Engineer: 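So that we are looking at the same thing, I have put the structure below in structure tokens.
Indexing begins at 1, ligand by ligand and atom by atom, following the structure's order. Because the structure is a prediction, the values reported are computed rather than measured.
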Amino acid sequence: MRLLRVGRATRDAAVLVFIGISLFAAFKWLNFYENLKDLLEKHEIFQIDELLLALLVVGLLGFVFGYRRLRDLKVEVAHRNRAERDVSWIAAHDPLTRLPNRVGLKQEVERLREGNKAGKPHMAMVIDIHGFRYINDVYGNEAGDEILMVVADRLREIFVDCYLFRLGGDQFYAASESSLIKDWEKLARRVIKQVSAPVLVNDHCYEVSAYVGMARYPDDAANIKYLLRCSLSAVAFAKKENSGEPKWFDPAIDEATAKYAELDKQLRAALKSGEVKPYYQPMIDLTSGRIVGFEALARWRRSDGTFIQPTEFIPLAEETGMIGELSDVLFTQACRDAAKWPRTVRLSFNVSPAQFLNKNFGKKMLDTLAETGLSPRQLEVEVTESMFVKDVQLVSDLLDELRGAGVHIAIDDFGTGYSSLSQLSRLRFDKLKIDRSFVSSFLDDARQAMIIRAMIGLGRGLGMKTIAEGIEETYQAETLQLLGCHQGQGFLFSRAVPAEQATAMLQMTWPVRSEGNTAIN
Ligand code: C2E
Ligand code: MG
Ligand code: MG
């Protein structure tokens with residue numbers, strides 16, 4: 001455009017110069033000035049001289065006017081250019097950290113390509129801030145923003161002669177025109193160390209950590225654009241490994257990542273199509289042999305009839321943030337099913353630690369109960385000990401909200417997590433679920449037996465019911481009953497079954513203290 005405008009101005013100037021010279025020559029040839037003078041003197045009456053003077057004044061004023069408008073135009077153009085520059089800066093940068101964003105990264109790659117620099121060796125790393133989402137959800141966006149700004153400043157100090165981008169969310173990307181693996185690894189370790197240093201925001205000390213995935217060109221990536229994808233794959237592996245070490249891209253990992261991504265896609269579709277459903281495993285009163293409740297266990301039955309285990313897809317959903325949606329679907333269905341059971345039969349529902357990050361979690365559960373007509377007193381929520389590692393206060397507030405409405409709280413897989421007894425004394429539970437790892441071996445192992453006995457004693461002392469998981473043999477059920485354990489659950493009684501079968505099972509009792517494990521009506 002600018003070129004076109006310059007060409008037109010030169011052409012205009014050339015035409016004007018040509019017209020000027022031609023007019024000058026014509027006037028000179030016609031003796032224009034002398035003739036005009038004679039005309040003016042002879043015909044004074046026509047007032048031509050005044051007319052010419054007026055034209056001259058108008059011409060001069062027009063010149064001044066034109067000059068001033070030209071200056072305005074120049075200022076306007078400068079403004080417009082600056083605005084254009086600002087808009088493209090905003091589009092290519094993250095306003096919070098002022099680092100280039102994904103658009104900026106794309107532009108940089110284009111620039112490298114145009115400058116023929118894209119063929120040189122490059123190192124890249126993706127830095128994923130672990131714990132950021134939690135702070136953002138629990139303490140609010142303000143704290144989250146501050147942390148991102150501090151982390152970005154720390155990264156700026158580390159990556160002095162390198163490119164640094166914010167990819168969005170809690171991920172950053174650094175790249176360098178270097179081929180020194182050792183130096184890049186050193187930088188990665190510095191990143192892990194410095195990002196983990198506490199961040200002080202409004203007198204509150206926050207801690208985050210970093211996962212780092214690295215890749216290099218041309219060794220790992222076919223082209224410079226592909227480096228980001230390789231680094232993302234490496235960081236996904238670093239997350240999974242959780243060793244606190246930076247990880248290099250490995251094609252074998254990439255395959256695993258691709259599989260993981262495929263499973264994630266399939267799970268999203270399965271949730272929509274209703275392939276994931278709650279099944280129910282009975283919980284038996286060890287004295288009467290009657291069903292006192294059912295634990296809802298997620299089952300994903302694919303269209304080809306195969307099952308995917310919850311141990312495979314629940315952690316995936318927790319990691320990808322899909323657990324809330326998955327749990328909502330399962331919980332609503334489970335409440336609908338349980339609303340058909342007698343009021344004395346409880347529904348036990350597993351809750352993931354990740355769900356406790358949502359402050360509305362308790363309210364949402366109570367809303368679903370109201371919608372489906374299930375009494376809160378019929379619900380039991382199973383939480384695991386790992387839940388208390390992060391923020392005991394937040395968890396205890398949410399549990400209190402549920403308890404206040406009449407919901408029972410059970411501590412699941414007891415003995416396998418990291419909770420201390422002091423936390424058990426601070427938080428109130430209604431039921432303690434002894435993990436099946438203790439149950440499976442306690443009759444052969446005297447120490448395990450002592451631990452089980454102590455757990456039952458602890459439960460009784462704190463006024464909790466106890467339930468043993470994973471009972472597969474009659475003698476296990478009998479011994480547990482003799483030790484004072486209230487309830488039992490396991491394949492001896494039943495595996496998890498679909499809703500209709502669970503309802504049909506309600507009338508059954510199991511002869512816990514007699515021989516055999518067949519159910520009697
Ligand atoms: P969990 O809550 O401890 O559930 C008990 C697990 O033990 C279930 O595995 C159950 O099938 C299995 N089990 C029960 N009795 C026996 C037995 O006698 N022997 C043996 N070997 N195993 C027994 P499942 O269904 O594979 O679930 C595994 C874990 O996945 C659950 O452990 C729970 O932590 C999680 N999970 C399942 N469904 C959900 C869900 O809807 N939401 C959440 N957040 N987690 C869930
Ligand atoms: Mg459970
Ligand atoms: Mg369990």
Engineer: After noting the C-alpha distance and the side-chain angles of Arg346 and His408, does the key distance pass the side-chain hydrogen bond (donor to acceptor under 3.5 Å, both in side chains) rule?
Structural biologist: CA-CA 9 Å; Arg346 280 215 165 83; His408 274 202; 3.2 Å; yes
Engineer: Just heavy atoms, cut-off under 4.0 Å: does Asp412 contact ligand 1 by side chain, backbone, both, or neither?
Structural biologist: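 Asp412 to ligand 1: side-chain contact only, backbone stays beyond 4.0 Å.
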Engineer: Report the nearest protein non-hydrogen atom to atom 34 (O) of ligand 1: residue, atom name, distance rounded to 0.1 Å.
Structural biologist: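 The answer is Asn350 OD1, 4.5 Å.
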Engineer: Can you sort out which atoms of ligand 1 are near Gly470, meaning under 4.0 Å from one of its heavy atoms?
Structural biologist: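 Within the 4.0 Å cut-off of Gly470, ligand 1 contributes 16 (C), 17 (C), 18 (O).
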Engineer: Should the heavy atoms of other residues, nucleotides or ligands under 6.0 Å from CG of Asp304 be counted, would the total exceed 12?
Structural biologist: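 Buried by this count: over 12 neighbours within 6.0 Å.
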Engineer: Please report, to 10°, the angle around the Mg ion (ligand 3) from atom OD1 (Asp413) across to atom OE1 (Glu469).
Structural biologist: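 The angle at the Mg ion (ligand 3) comes to 80°, rounded to the nearest 10°.
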Engineer: Heavy atoms only: which of Ile471, Ile323, Leu297 lies closest to atom 31 (C) of ligand 1?
Structural biologist: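 The nearest heavy atom belongs to Leu297.
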Engineer: Could you tell me the residue and atom name of the protein heavy atom closest to atom 41 (O) of ligand 1, and the distance to it rounded to 0.1 Å?
Structural biologist: Leu330 CD1, 3.5 Å
Engineer: Can you tell me the protein heavy atom closest to atom 38 (N) of ligand 1 and the distance?
Structural biologist: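 Residue, atom and distance for the closest contact: Ala298 N, 3.0 Å.
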Engineer: Apply ring-ring contact (aromatic ring centres under 6.0 Å, His included) to the pair Tyr206 and Tyr139, showing each step before the final yes or no.
Structural biologist: CA-CA 10 Å; Tyr206 297 96; Tyr139 298 99; 5.2 Å; yes
Engineer: Before you tell me yes or no, could you show the steps for Glu295 and Ser348 under side-chain hydrogen bond (donor to acceptor under 3.5 Å, both in side chains), namely the whole-Å CA-CA distance, both residues' side-chain angles and the distance that decides it to 0.1 Å?
Structural biologist: CA-CA 4 Å; Glu295 176 176 5; Ser348 211; 5.9 Å; no
Engineer: Using a 3.5 Å cut-off on N or O atoms only, is Glu295 in polar contact with ligand 1?
Structural biologist: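 Indeed, backbone or side chain, Glu295 has an N or O that close.
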Engineer: Report the atom name of the nearest N/O/S atom of Glu382 relative to the Mg ion (ligand 2).
Structural biologist: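 For Glu382, the N, O or S atom at the smallest distance from the Mg ion (ligand 2) is OE1.
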Engineer: Output the list of atoms in ligand 1 that are nearer than 4.0 Å to some heavy atom of Gln281, sorted by atom number.
Structural biologist: 14 (C), 15 (N)
Engineer: Does Thr311 reach ligand 1 with a nitrogen or oxygen that is under 3.5 Å from one of the ligand's nitrogen or oxygen atoms?
Structural biologist: no
Engineer: Looking only at N, O or S atoms in Glu295, which is nearest to the Mg ion (ligand 2)?
Structural biologist: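 Looking only at N, O and S atoms of Glu295, the one nearest the Mg ion (ligand 2) is named OE2.
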Engineer: Hey, mind stepping through Phe237 and Trp248 against ring-ring contact (aromatic ring centres under 6.0 Å, His included) and telling me if it holds?
Structural biologist: CA-CA 9 Å; Phe237 181 63; Trp248 280 105; over 10 Å; no
Engineer: Hey, is Leu326 touching ligand 1 through its side chain, its backbone, both or neither, going by heavy atoms under 4.0 Å?
Structural biologist: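 The answer is neither; Leu326 stays 4.0 Å or more away.
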Engineer: Report yes if the side chains of Lys277 and Arg301 come closer than 4.5 Å at any heavy-atom pair, otherwise no.
Structural biologist: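 They are not in side-chain contact.
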Engineer: For atom 44 (N) of ligand 1, what is the closest protein heavy atom, and at what distance to 0.1 Å?
Structural biologist: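 Sorting protein heavy atoms by distance from atom 44 (N) of ligand 1 puts Ser352 OG, 2.9 Å first.
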Engineer: With a 4.0 Å heavy-atom cut-off (strictly under), which part of Lys433 contacts ligand 1: side chain, backbone, both or neither?
Structural biologist: neither
Engineer: For atom 40 (C) of ligand 1, which protein heavy atom lies nearest, and how many Å away is it?
Structural biologist: Ile314 CD1, 3.9 Å
Engineer: If you count every heavy atom of other residues, nucleotides or ligands that lies below 6.0 Å from Arg302 atom CZ, does the total exceed 12?
Structural biologist: yes
Engineer: Looking only at protein heavy atoms, identify the closest one to atom 24 (P) of ligand 1 and say how far it is in Å.
Structural biologist: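 Result for atom 24 (P) of ligand 1: Pro310 CG, 3.6 Å.
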Engineer: For atom 7 (O) of ligand 1, grab the closest protein heavy atom and report residue, atom and distance to one decimal in Å.
Structural biologist: Arg436 NH1, 2.7 Å
Engineer: Relative to the Mg ion (ligand 2), which of the N, O or S atoms in Asp412 is the closest?
Structural biologist: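 In Asp412, the N, O or S atom with the shortest distance to the Mg ion (ligand 2) is OD2.
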Engineer: Atom 11 (O) of ligand 1: which of Arg299, Gln355, Glu469 has the nearest heavy atom?
Structural biologist: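 Ranked by closest heavy atom to atom 11 (O) of ligand 1, first place is Arg299.
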Engineer: Any salt bridge linking Glu245 with Arg189? Criterion: basic side-chain nitrogen under 4.0 Å from a carboxylate oxygen.
Structural biologist: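 Yes, charged N to carboxylate O under 4.0 Å.
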Engineer: Output yes if Asn350 passes the N/O/S-under-2.8 Å test against the Mg ion (ligand 2); output no otherwise.
Structural biologist: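 Of the N, O and S atoms in Asn350, at least one lies under 2.8 Å from the Mg ion (ligand 2), which means yes.
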Engineer: For Asn242, look at atom CG and say whether over 12 heavy atoms of other residues, nucleotides or ligands are found less than 6.0 Å away.
Structural biologist: yes
Engineer: Does any non-hydrogen side-chain atom of Ile158 lie less than 4.5 Å from one of Leu164?
Structural biologist: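 No. Closest side-chain heavy atoms not under 4.5 Å.
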Engineer: What do you reckon, does Val351 have a nitrogen or oxygen under 3.5 Å from a nitrogen or oxygen of ligand 1?
Structural biologist: no
Engineer: Does Glu142 CD have over 12 foreign heavy atoms under 6.0 Å away?
Structural biologist: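 Incorrect, the count does not exceed 12.
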Engineer: Of the side chain and backbone of Arg495, name the one, both, or neither that has a heavy atom under 4.0 Å from an atom of ligand 1.
Structural biologist: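 Under 4.0 Å from ligand 1, Arg495 contributes no heavy atoms.
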Engineer: Using a strict cut-off of less than 4.0 Å between a Lys/Arg side-chain nitrogen and an Asp/Glu carboxylate oxygen, indicate whether Asp94 and Arg98 qualify as a salt bridge.
Structural biologist: no
Engineer: Heavy atoms, side chains only, cut-off 4.5 Å: are Ser494 and Gln281 in contact?
Structural biologist: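 No, every pair of side-chain atoms sits at 4.5 Å or beyond.
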Engineer: Inspect the contact between Asp430 and Lys465 and indicate whether a charged nitrogen and a carboxylate oxygen are less than 4.0 angstrom apart.
Structural biologist: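 Salt bridge: no.
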Engineer: Provide, to 0.1 Å, the distance between atom 21 (N) of ligand 1 and the closest protein heavy atom, together with that atom's residue and name.
Structural biologist: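 Nearest neighbour among protein heavy atoms for atom 21 (N) of ligand 1, to 0.1 Å: Glu472 OE2, 3.3 Å.
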Engineer: Mind checking whether Gln489 contacts ligand 1 via backbone (N, CA, C, O), side chain (CB onward), both or neither, at a 4.0 Å heavy-atom cut-off?
Structural biologist: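 Contact part for Gln489 vs ligand 1: neither.
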Engineer: Salt-bridge test for Lys431 and Glu380: reply yes if a basic N is under 4.0 Å from a carboxylate O, no otherwise.
Structural biologist: yes
